[in-house]
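Report on the structure given below.
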Amino acid sequence: MNLKWWLSTAEPRSRYVLLVAIGVVLMMTLTYSIWYPGGRGMAAFAAICAVILSHVSAKLVMRSR
């Protein structure tokens, strides 16, 4: 398993940033009813999870092309 590949950004970076941003907005929108009643702590936890999942998704999408 190549840990450096997972922890670095993908190339081209503009496409990677766009994929991650869209993924974070989409996931935060879909989970709004879960994290909103939980307050700031739950929102921060949901945002961190959304960024991690978006990063992994963007890396896999860009790897397949």
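Bear in mind the structure is a predicted one, so any value in this text is a computation, not a measurement.
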If the condition is salt bridge (charged side-chain N to carboxylate O under 4.0 Å, His left out), which residues does R63 pass it with, not counting sequence neighbours? none

Pi-cation contact, W5 with K59 (under 6.0 Å, within 45°): yes

For R13, enumerate each residue passing the side chain to side chain contact (heavy atoms under 4.5 Å, CB included) test, keeping only those at least two apart in sequence or located in another chain. T9, E11

Does L7 have any side chain to side chain contact (heavy atoms under 4.5 Å, CB included) partners at least two apart in sequence or in another chain, and if so, which? L3

Is [X] isolated, or which residues cluster with it under the ILVMFWY side-chain rule of less than 4.5 Å, directly or via members?
X	result
L18	I22
M62	Y16, V17, L19, V20, V24, M28, Y32, W35, Y36, M42, F45, V51, V61
I48	I52

Of all heavy-atom pairs linking S54 and G23, the shortest is OG-C, 3.1 Å

